[in-house]
Structures are given as C-alpha cells and as structure tokens.
Amino acid sequence: MPELPEVEVVRRGLEPVVVGKTIERVRVLHPRSVRRHSAGPADFEDRLADQRVVGASRGGKYLWLPLGSGDAVLAHLGMSGQLLVQRRAATPERHLRVAFELSQGHDLRFVDQRTFGGLLVSDGGADLPREIGHIARDPIDMLFDDAVFGAGLRRRRTGVKRALLDQTLISGVGNIYADEALWAARLHYARPTETLRRAEVDRLLAEVRTVLMSALRHGGTSFDTLYVDVNGESGYFERSLAVYGRADQPCLRCGAPIRRDAFMNRSSYSCPRCQPRPRRARW
DNA sequence: GCTTGCGCCTGAATGC
DNA sequence: TGCATTCAGGCGCAAG
C-alpha cells in the first residue's frame with residue numbers, strides 16, 4: 001500500500017533515471033487514470049509531448065515531475081499504482097494505464113490494477129501543484145510545524161486515527177502506519193482527540209516519524225534503477241510490522257492477542273491490553 | 001465549517 | 001468445479 005515511505009522510495013528510484021530526459025510521446029490507455037485532468041486524455045497527451053523532466057518531487061503521498069515549462073505531471077498511486085521505468089521493447093504490463101515514451105529508449109509506465117490512482121498535468125505546478133495545496137505538510141518535511149499539528153489535532157472533535165488519516169492535518173500517513181504509530185504510542189484509535197494531553201501528542205508524532213523513517217530505510221534497500229517496484233518492497237515491510245495484519249497473534253510487547261476491528265470500512269489493528277479502549281470513544 | 005459515510009475499482013481469497 | 005460474495009483502502013464528494 002503506497003503510503004509516504006513507498007512513495008518516497010519510488011521518487012528516489014525515478015529521480016536519477018527520468019530527470020534530464022524528454023517526454024517524446026504519451027499514450028493514455030485508460031481514461032480513468034487521468035480523470036482528474038479536467039481537459040481530458042487527449043489534452044493530457046498533447047501537453048506533455050516534447051517536455052523535459054527537470055525534477056522528481058514528493059509531498060505526502062503525492063509525487064510530481066516538474067517540467068521545463070514550469071508545469072508538472074502530478075501522480076497519486078492510490079492503492080495499487082506503480083511507476084515503472086522499462087525499456088521501450090519490454091512487454092506491456094497487464095494493467096498498464098499510461099505510457100510515457102522518454103528519450104534514450106525508455107518508457108515511464110503508470111501501471112494500476114484498481115485505478116484508484118491517477119495522473120494530471122498541473123499548470124505552473126513545478127514547485128508545488130495547486131491541486132495539492134490543501135494537503136498539509138508531511139511529518140518528515142523540514143517545514144512541518146509540530147505545534148500547529150498539535151493544536152490542530154486537539155481542536156478536532158473526532159477519533160485520533162481518523163485525524164491521522166486526514167491529509168489536511170498531516171499528510172503521508174495511511175491505514176498501516178497509523179495503526180503502527182498508535183500501537184507504539186500506546187493509544188487506542190478511537191481516543192477522542194480533544195482529550196489528548198500535550199505529552200501524548202508529542203509521543204504520537206514522534207512514533208509516526210519513527211515508523212515512517214524505519215519503513216523508508218527498509219524500503220530503500222533493494223530497488224533497481226530500471227525497475228522501481230512498490231510491491232516488491234511490501235514483503236520486506238511486512239516482516240517489521242508490529243500490529244497491522246497480525247490479528248490474533250501475540251502483541252510483541254505484552255503477548256495479548258492483537259484484535260482487529262472494523263473501522264471506516266476498513267480494519268484497525270490494536271493490542272487490547274496496551275491500547276485499552278477509552279471510556280468515551282470517537283470513531 | 002466541520003464531521004461522517006459512501007462510491008469508485010479489480011482480483012485474490014473465501015464460501016457454498 | 002464454478003459461481004457468488006467479501007475484502008482490501010485513499011480520495012473526493014455529498015449529506016448531516
């Protein structure tokens with residue numbers, strides 16, 4: 001599941017390969033993948049022809065390629081999206097949605113089984129696409145403001161996990177790392193945000209950073225410059241997860257069986273002993 | 001304005 | 001065996 005660390009791994013993999021190359025031609029093979037490009041697939045293809053890629057940037061779970069024109073290609077991987085660099089002659093992937101033909105015989109390919117991800121061309125978005133202007137900074141961004149986050153979190157009237165997943169409060173955290181950070185901070189996911197003490201907020205934010213940085217270190221180990229495979233990394237991450245996906249297995253801290261609850265049409269994993277349910281819970 | 005819930009989407013896993 | 005159902009979950013939008 002591409003959350004911040006996976007997206008950063010992709011960005012680091014792409015940077016040395018695509019920066020400096022020219023996009024010779026773009027083919028949109030599935031219109032849904034460019035649904036957020038309001039001018040449509042043909043415009044998407046036309047706007048990018050002959051553009052030079054001058055960078056590879058990331059904010060939260062979004063990735064963008066600044067172009068020589070000052071515009072940018074903005075990408076979100078959704079649930080199943082991948083950005084792969086392949087030789088032009090390589091067999092097209094089954095779920096290939098958009099193909100960028102780059103100079104020097106390589107393709108940048110957007111492959112996305114579930115089509116929850118998508119691409120768009122952002123006008124003048126090279127520095128920061130305005131389409132993601134509403135997203136908060138991510139916690140490993142140097143300019144992330146801990147005090148603003150803490151105040152914003154405690155001002156909410158919701159459960160702490162819901163707040164962590166809200167990209168306008170803090171970006172880059174998804175279901176997996178939210179559960180991991182809450183477990184590390186010994187906080188139940190339904191803890192009302194307004195009852196969090198300052199020290200608990202500090203602890204939570206520290207654990208969010210630890211979890212993200214640790215995943216990033218693991219994810220950065222095995223990619224190939226010509227094949228940036230998000231799924232290839234997931235197996236490695238899985239081995240270091242403390243609660244996510246570990247229903248009924250012993251808590252690594254206290255041994256109590258990890259519980260899995262339905263939450264926001266998905267799952268939440270937590271330790272019933274280390275993370276007791278608050279008397280007053282908010283979902 | 002803020003919070004909450006749903007629909008989008010495909011394929012693997014599961015159930016009958 | 002084969003068909004139907006469930007599940008995974010980030011985001012945008014609409015409703016409350």
Side-chain angles (χ1 to χ4, degrees), chain A residues 1-8 10 28-38 58-64 74-83 93-98 110-120 122 129-136 138-139 148-149 151-182 189-196 208 212 215 230-231 233-235 237-238 241 243-248 259-270 280-283:
Chain A
M1 236 53 69
E3 299 183 29
L4 186 155
E6 291 79 1
V7 178
E8 178 60 19
V10 171
V28 175
L29 305 172
H30 196 310
R32 185 173 150 80
S33 293
V34 294
R35 65 193 178 285
R36 290 186 61 199
H37 184 78
S38 50
R58 182 193 57 76
K61 302 174 198 169
Y62 284 89
L63 191 67
W64 69 95
L74 178 64
H76 194 289
L77 302 177
M79 296 280 301
S80 53
Q82 293 173 276
L83 281 166
E93 291 73 10
R94 176 153 178 214
H95 300 293
L96 177 60
R97 308 305 190 190
V98 180
F110 182 66
V111 175
D112 188 11
Q113 180 207 105
R114 295 184 205 175
T115 68
F116 274 30
L119 308 174
L120 62 82
S122 175
R130 60 184 161 77
E131 290 82 359
I132 58 170
H134 63 293
I135 300 294
D138 64 61
V148 168
F149 167 75
L153 180 67
R154 297 201 298 164
R155 213 180 301 124
R156 295 290 168 106
R157 292 292 177 270
T158 188
V160 63
K161 180 169 173 182
R162 210 177 242 283
L164 280 182
L165 297 177
D166 184 344
Q167 304 296 301
T168 67
L169 182 64
I170 181 171
S171 68
V173 181
N175 199 42
I176 295 172
Y177 297 122
D179 278 3
E180 292 296 310
L182 288 166
Y189 57 87
R191 175 76 177 274
T193 46
E194 70 270 26
T195 69
L196 288 168
V208 166
L212 294 178
V230 173
N231 288 335
E233 302 303 318
S234 64
F237 288 141
E238 238 176 278
L241 294 177
V243 277
Y244 187 84
R246 296 191 62 246
D248 303 323
R259 73 185 156 202
R260 177 191 155 185
D261 299 328
F263 170 84
M264 287 172 73
N265 280 334
R266 63 201 65 174
S267 297
S268 256
Y269 296 88
S270 59
R280 189 158 58 87
R282 277 184 186 271
W283 312 97

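Letters A, B, ... are given to chains in the order of the sequence lines, protein chains preceding strands, and every chain is numbered from 1.
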Please give, in whole Å, the distance from B:dC2 C1' to A:Leu165 CG?
17 Å

What are the two closest non-hydrogen atoms of A:Gly81 and A:Asp112, and how far apart are they?
N-OD1, 3.3 Å

If only side-chain N and O atoms of A:His76 are considered, is one of them under 4.0 Å from the OP1 or OP2 phosphate oxygen of C:dG10?
no

Starting from P on B:dC2, measure out to CG on A:Leu153 and report it in whole angstrom.
15 Å

Of A:Arg260 and A:Ile135, whose nearest nucleotide on DNA chain C comes first from the 5' end?
A:Arg260

How bent is the helix from B:dC2-C:dG16 to B:dC16-C:dG2, comparing axes over its five end pairs at each side, to the nearest 10°?
50°

Distance in angstrom units between A:Leu164 CG and C:dG10 C1', rounded
15 Å

Give the B/S/- string for nucleotides 6-12 of chain B, one per nucleotide from 5' to 3', where a protein heavy atom under 4.0 Å of the base yields B, of only the sugar-phosphate yields S, and otherwise -.
--BBBS-

Strictly below 4.0 Å: does A:Arg162 bring a side-chain N or O up to OP1 or OP2 of B:dT3?
no

Give the rounded distance in Å between these two atoms: CD of A:Glu131 and P of C:dC13.
12 Å

What is the distance from CD of A:Gln167 to C1' of B:dT3, rounded to the nearest Å?
16 Å

Can you identify which nucleotide, out of C:dA8, B:dG5, C:dC11, has its nearest atom closest to the A:Ser267 side chain?
C:dA8

Approximate separation, where rounding is to 0.5 Å, of A:Leu212 CG and A:Glu180 CD
10.5 Å

Is the CZ atom of A:Arg155 crowded by more than 12 outside heavy atoms at less than 6.0 Å?
no

Does A:Arg97 use its side chain to pair, donor to acceptor, with the backbone of A:Ser33 at less than 3.5 Å?
no

How close do A:Leu165 and A:Val173 get, heavy atom to heavy atom, and via which atoms?
CD2-O, 3.8 Å

State, with a plain yes or no, whether a side-chain heavy atom of A:His95 is found less than 4.5 Å away from one of A:Val111.
yes

Could you check which of B:dT3, C:dA8, B:dT4 has an atom nearest any side-chain atom of A:Thr158?
B:dT4

Rounded to the nearest 0.5 angstrom, the CG-CG distance for A:Asp179 and A:Asp261 is 9.5 Å

In whole Å, what is the span from the CD1 atom of A:Ile132 to the C1' atom of C:dC11?
14 Å

Rounded to the nearest Å, what distance is computed from the CZ atom of residue A:Arg35 to the C1' atom of nucleotide C:dC11?
8 Å

Euclidean distance, atom CD1 of residue A:Ile176 to atom P of C:dA8 [Å, nearest integer]
12 Å

d(A:Tyr177 OH, A:Leu241 CG) to nearest 0.5 Å is 6.5 Å

Sidechain-backbone polar pair: A:Arg35 side chain, A:Arg32 backbone, donor-acceptor under 3.5 Å
yes

